[in-house]
Amino acid sequence: MKEIIKKLIEHKIFKIDTLIEAEITKSFMGSPVKKQALLRVKQITEDYCLADQEGALDYEVPLRKIMYDRIKIVDGMDPQELAAVYGLAPKTVRFKKRKEQ
């Protein structure tokens, strides 16, 4: 997955203000809880991006370090499928099903 995200970065598809979904750890009553969250990318580096939680209310939320291999969705699509749309990765099963119909 990391290589797919890097290809999307090179072709300026994955950039600042991109919406992603990833698993983050939040604190609930003093205990860590893993949760899927919608995040907006604020900074891109070689191996990870910094993002803040989308839809947070008026309080300041710190940026979260999200490793590329933990990203599940990029702009509403699976990263593999998004790369396939732009010809950056092999076509997925989903594309093959459409052709058969």
Side-chain angles (χ1 to χ4, degrees):
M1 190 64 64
K2 184 177 176 180
E3 291 77 29
I4 299 284
I5 299 291
K6 286 185 178 187
K7 285 182 183 180
L8 293 172
I9 292 169
E10 288 173 14
H11 288 84
K12 299 189 185 337
I13 299 163
F14 185 94
K15 55 190 176 202
I16 293 177
D17 285 336
T18 298
L19 287 174
I20 61 172
E21 185 176 307
E23 188 177 83
I24 61 171
T25 303
K26 294 186 109 181
S27 178
F28 180 70
M29 297 181 74
S31 299
V33 177
K34 293 190 184 270
K35 168 185 172 181
Q36 292 291 331
L38 185 63
L39 306 159
R40 185 171 299 274
V41 175
K42 296 296 181 184
Q43 186 178 355
I44 297 172
T45 66
E46 184 68 27
D47 295 321
Y48 63 91
C49 64
L50 295 176
D52 66 353
Q53 194 162 355
E54 185 67 12
L57 301 175
D58 295 333
Y59 55 88
E60 195 66 30
V61 179
L63 294 178
R64 296 182 180 271
K65 181 179 177 180
I66 308 294
M67 303 303 284
Y68 293 142
D69 57 352
R70 293 181 55 207
I71 295 174
K72 304 288 184 215
I73 295 178
V74 176
D75 282 339
M77 290 184 76
D78 178 84
Q80 179 74 33
E81 289 184 4
L82 184 61
V85 167
Y86 287 99
L88 304 175
K91 301 282 185 195
T92 61
V93 174
R94 181 176 163 193
F95 287 96
K96 292 175 185 173
K97 283 183 182 176
R98 279 192 190 163
K99 238 181 188 179
E100 292 172 3
Q101 292 177 352

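Side-chain heavy atoms closer than 4.5 Å link hydrophobic residues (I, L, V, M, F, W, Y) into clusters, and following such links, possibly through other members, connects Val74 to Val85. Tyr86 and Met1 fall into different hydrophobic clusters, where Ile, Leu, Val, Met, Phe, Trp and Tyr residues are linked whenever their side-chain heavy atoms come under 4.5 Å apart, directly or through other members. Placement of Leu63 and Ile5 in two distinct hydrophobic clusters is found when ILVMFWY residues are connected by side-chain heavy-atom separations under 4.5 Å, directly or transitively.
The other members of the hydrophobic cluster of Val33, by chain and number, are Phe28, Met29 (side-chain heavy atoms under 4.5 Å, ILVMFWY only).
Looking at Glu10 and Leu88, their side chains never come closer than 4.5 Å, going by heavy atoms from C-beta outward. Contact check for Leu82 versus Phe14: no side-chain heavy atoms found under the 4.5 Å cut-off. With a 4.5 Å cut-off on side-chain heavy atoms, Ile24 and Leu39 count as touching.
Scanning both residues, Pro79 and Ile4, for their nearest heavy atoms gives O-CG2, 3.4 Å. Considering all non-hydrogen atoms of both residues, Pro90 and Ala84 come closest at O-CB, 3.6 Å.
Taken to the nearest 0.5 Å, the CD1 atom of Ile66 stands 8.5 Å off from the CG atom of Leu50. Rounding to the nearest 0.5 angstrom, the gap separating the CD1 atom in Ile44 from the CG atom in Leu8 is 10.0 Å. In this structure, CG on Asp52 lies 10.0 Å from CG on Leu38, to the nearest 0.5 angstrom. If you take CE on Met77 and CG on Leu19, they are separated by 14.5 Å, rounding to the nearest 0.5 Å.
For Thr25, the side chain to side chain contact (heavy atoms under 4.5 Å, CB included) partners at least two apart in sequence or on another chain are Pro32, Lys34.
Within the structure, the side-chain hydrogen bond (donor to acceptor under 3.5 Å, both in side chains) test picks out no pair touching residues 12-21 (sequence neighbours left out). Note on residues 36-51: pairs passing side-chain hydrogen bond (donor to acceptor under 3.5 Å, both in side chains), not counting sequence neighbours, are Lys2-Asp47, Lys6-Glu46, Arg40-Glu54. Among pairs with a residue in residues 65-77, none fulfils side-chain hydrogen bond (donor to acceptor under 3.5 Å, both in side chains), at least two apart in sequence or across chains.
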